[in-house]
Amino acid sequence: MAEAPTTEQSAEPVVRAQSAKPLLDPAGSRIGLFVGGLIVALVVGFTLGKLLDPPSSPTQGATTGAPASTDPATAPGGHVHSPLASAGSEVGGLSISSGGYTLVPATTSFAKPGTEQLSFVIRANDGRAVTNFAVVHDKPLHLVVVRRDLTGYQHLHPTMAADGTWSVSADLGKPGLWRAYADFTAIDQAGIQTAVALGTDLTVAGDYAPKTLPAAAQQDETDGYQVSYQGATMIGASQPMLFTVTRDGKPVTLEPYLGSFGHLVVLRDLDLGYVHVHPEPALVNGGVKLWLSAPSAGTYRMFFDFQTGGKVHTAEFTLVVPAPGK
C-alpha cells in the first residue's frame, strides 16, 4: 500500500487619476473596499497555502498510479515517487497497466486456500520483460496482498529471476477474492524512471464470508504493542499524521525497516484504490511522521508497518473521510 517548487509573482497596481471625486463618494468607497478586500484575500490565501505545503523531504511521496517520470540524474536518491499533491485526485493499483507498464501474472486462480506461490512479469509497451528497477526503500519491488474485505494484509518482497519473472510465497488462507499490488519504479532503456503501482485480482475457491470493517479508531493493538496516530485527513491537501508505538504505557524504540522507521499503506474500501505513503526520514518525538492527502470521501483501511526487536509488526486502522462540508 517530490514537490514542485512554487514561484511567487506580484504586480504593483497602477492608479491613474481621472478627475476629482468627493471624499465620501459611495461608488468610490465601494471600489476601494473591493480592492482592499481582494488584497487581503490574496494575502490570506498565500499564507494558508504555505501552511498546508509540507516540508520537502527526499523520502516523502505516495505511489498513486499517476505515472511520474524523471531524469534519474536529478531525482532525489536516484528515484522518484508521485507527489503527495497528486494523491488528492488519483490512486494506484486499480489497473494491470499504467505508465507504459503491464502486470502479467502467471495465474490468478487457486483451487483452495493455503500458501501459494505468486509469479508475475512486468512488461513494457514493446512486450519485453522489464529487468531494470530502481531500489526504493531497500527493495526493487514491493508486493502488497490483501483480501477484498481488507483482511489478510501482507507486505511482501519477491525475488526476480534473470528473465524478469518475480516470485514470492503468499498466505491465501481464506477463500474469496484477493487483490495483489506491484509497487515499483521501472527504468527504461533511456534511463528514465517511472513509479507505478499496478494491481490484479486473485481468486481462491471456497465459500466467501466477508468480514465487516471495524469502526473508525485512532488506536490499535498488535503483538502486545499499542499503536496510535494523531492528525486529521483532508481531501486534496496533504496533512501530517504522527504514529507512535508504546508497550505497557512506555515508548518503544523503533528500528529502521526498509530504509525508514515505518511505512503506511492506505486502501480505499469498495474499489481498493492503493496509496503507499513514505514517512519523513527522522523520528519526530519518537514517532513516525507521514503526510497524507485523501483521494476522496469514503472509508479507508490503513496498514502501518514498523519494526522492533528485529521483527516487523502491522497495526491496522479504519479511517472515514467525510465529504466536504459535512
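No single ILVMFWY cluster, assembled from side-chain heavy atoms under 4.5 Å apart, contains both Tyr257 and Leu242. When the side chains of ILVMFWY residues are joined at heavy-atom separations under 4.5 Å, either directly or via intervening members, Val104 and Leu143 end up in two distinct hydrophobic clusters. Residues Val130 and Leu198 share a single hydrophobic cluster, defined by chaining ILVMFWY side chains whose heavy atoms lie under 4.5 Å apart. Transitive grouping of hydrophobic side chains (ILVMFWY, heavy atoms separated by less than 4.5 Å) brings Val321 and Val266 into a common cluster.
Nearest heavy-atom pair across Val245 and Phe304 is CG2-CE2, 4.4 Å. Closest approach of Ala297 to Ile235, counting heavy atoms only: N-CD1, 3.4 Å. The nearest pair of heavy atoms linking Pro105 to Leu103 is CD-O, 3.5 Å. Closest of all the heavy-atom pairs between Pro295 and Val91 is CG-CG1, 3.2 Å. Here the closest non-hydrogen pair linking Pro240 and Lys289 is CB-CE, 3.8 Å. Heavy-atom minimum distance, Pro279 versus Val288: CB-CG1, 3.5 Å.
Not one N or O on the side chain of Gln226 forms a donor-acceptor pair closer than 3.5 Å with the backbone of Asp220. Under the 3.5 Å distance criterion, the side-chain polar atoms of Glu280 are left unmatched by any main-chain donor or acceptor of Leu290. Although no hydrogens or angles enter the test, the distance criterion places no donor-acceptor pair under 3.5 Å between the side chain of Gln239 and the main chain of Met234. Remark: side-chain polar atoms of Ser293 are paired, donor with acceptor, to backbone N or O of Gly236 under 3.5 angstrom. Listed for the Asp188 side chain is a donor-acceptor partner under 3.5 Å among the backbone atoms of Ala190.
Rounding to the nearest 0.5 angstrom, the gap separating the OG1 atom in Thr200 from the CH2 atom in Trp178 is 14.5 Å. Note that the OG1 atom of Thr165 and the CZ atom of Phe120 stand 9.5 Å from one another [nearest 0.5 Å]. The OG1 atom of Thr308 sits 7.0 Å away from the CZ atom of Arg247 when rounded to the nearest 0.5 Å. For the atom pair CG of Leu202 and CG of Leu177, the computed distance is 9.0 Å after rounding to the nearest 0.5 Å. Rounded to the nearest 0.5 Å, atoms CG (Leu213) and OG1 (Thr318) are 5.0 Å apart. Interatomic distance, OG of Ser97 versus CZ of Arg123, reported as 12.5 Å (0.5 Å rounding).
At least one side-chain heavy atom of Asp171 sits under 4.5 Å from a side-chain heavy atom of Gln154. Taking the side chain as every heavy atom from C-beta outward, Tyr229 and Leu319 approach each other to under 4.5 Å. Residues Lys112 and Val204 are not in side-chain contact: their nearest non-hydrogen atoms beyond the backbone lie 4.5 Å or more apart. Contact annotation: the side chain of Pro256 never approaches that of Gln307 to less than 4.5 Å [non-hydrogen atoms, C-beta and beyond]. Side-chain contact between Asp271 and Leu94 is present, with heavy atoms from C-beta onward closer than 4.5 Å. Residues Leu118 and Trp166 form no side-chain contact, since every pair of their non-hydrogen atoms from C-beta on lies 4.5 Å or further apart. The side-chain heavy atoms of Val144 and Asp183, taken from C-beta on, include no pair separated by under 4.5 Å. Within the 4.5 Å cutoff, side-chain heavy atoms of His157 are placed close to those of His142.
For His263 and His137, the gap between ring centers is short of 6.0 Å. Phe317 has its ring centre less than 6.0 Å from the ring centre of Phe243.
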**OP:** Any chance you could lay out the side-chain contact (heavy atoms from CB on, under 4.5 Å) test for Leu258 and Lys139, step after step, and finish with the verdict?
**Re:** CA-CA 7 Å; Leu258 297 177; Lys139 298 293 181 180; 3.9 Å; yes
Subject >> Residues Leu141, Met160; criterion side-chain contact (heavy atoms from CB on, under 4.5 Å); working and verdict >> reply: CA-CA 9 Å; Leu141 187 144; Met160 186 186 72; over 6 Å; no
**OP:** Kindly indicate, with the supporting measurements, whether the criterion side-chain hydrogen bond (donor to acceptor under 3.5 Å, both in side chains) is fulfilled by Ser167 and Ser119.
**Re:** CA-CA 4 Å; Ser167 300; Ser119 297; 3.2 Å; yes
**OP:** Take Tyr181 and Leu272, measure what side-chain contact (heavy atoms from CB on, under 4.5 Å) needs, and give me the verdict at the end.
**Re:** CA-CA 10 Å; Tyr181 305 89; Leu272 270 64; 3.1 Å; yes
Original post:
side-chain contact (heavy atoms from CB on, under 4.5 Å) between Val121 and Asp163: does it pass, once the steps are laid out?
Top reply: CA-CA 9 Å; Val121 174; Asp163 65 353; over 6 Å; no
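The neighbour count for Gln117 CD, taken as heavy atoms of other residues, nucleotides or ligands under 6.0 Å away, is above 12. The environment of Asp207 atom CG is sparse: at most 12 non-hydrogen atoms of other residues, nucleotides or ligands sit within 6.0 angstrom. Atom CG of Asp126 is surrounded by more than 12 heavy atoms from other residues, nucleotides or ligands within 6.0 Å.
For the residue pair Ser228 and Thr244, a side-chain donor N or O sits within less than 3.5 Å of a side-chain acceptor on the partner. Judged by distance alone, the side chains of Thr185 and Gln193 never bring a donor and an acceptor atom under 3.5 Å apart. Side-chain contact of Thr246 with Tyr225: a donor-acceptor pair under 3.5 Å is absent, judged by distance alone.
Using a cutoff of 4.0 Å between basic side-chain nitrogens and carboxylate oxygens, Arg301 and Asp269 are not scored as salt-bridged.
Residues passing the side-chain hydrogen bond (donor to acceptor under 3.5 Å, both in side chains) test with Thr151, sequence neighbours excluded: Arg147, Asp149. Partners of Asp305 by side-chain hydrogen bond (donor to acceptor under 3.5 Å, both in side chains), not counting sequence neighbours, listed by chain and number: Tyr153, His155, Thr314.
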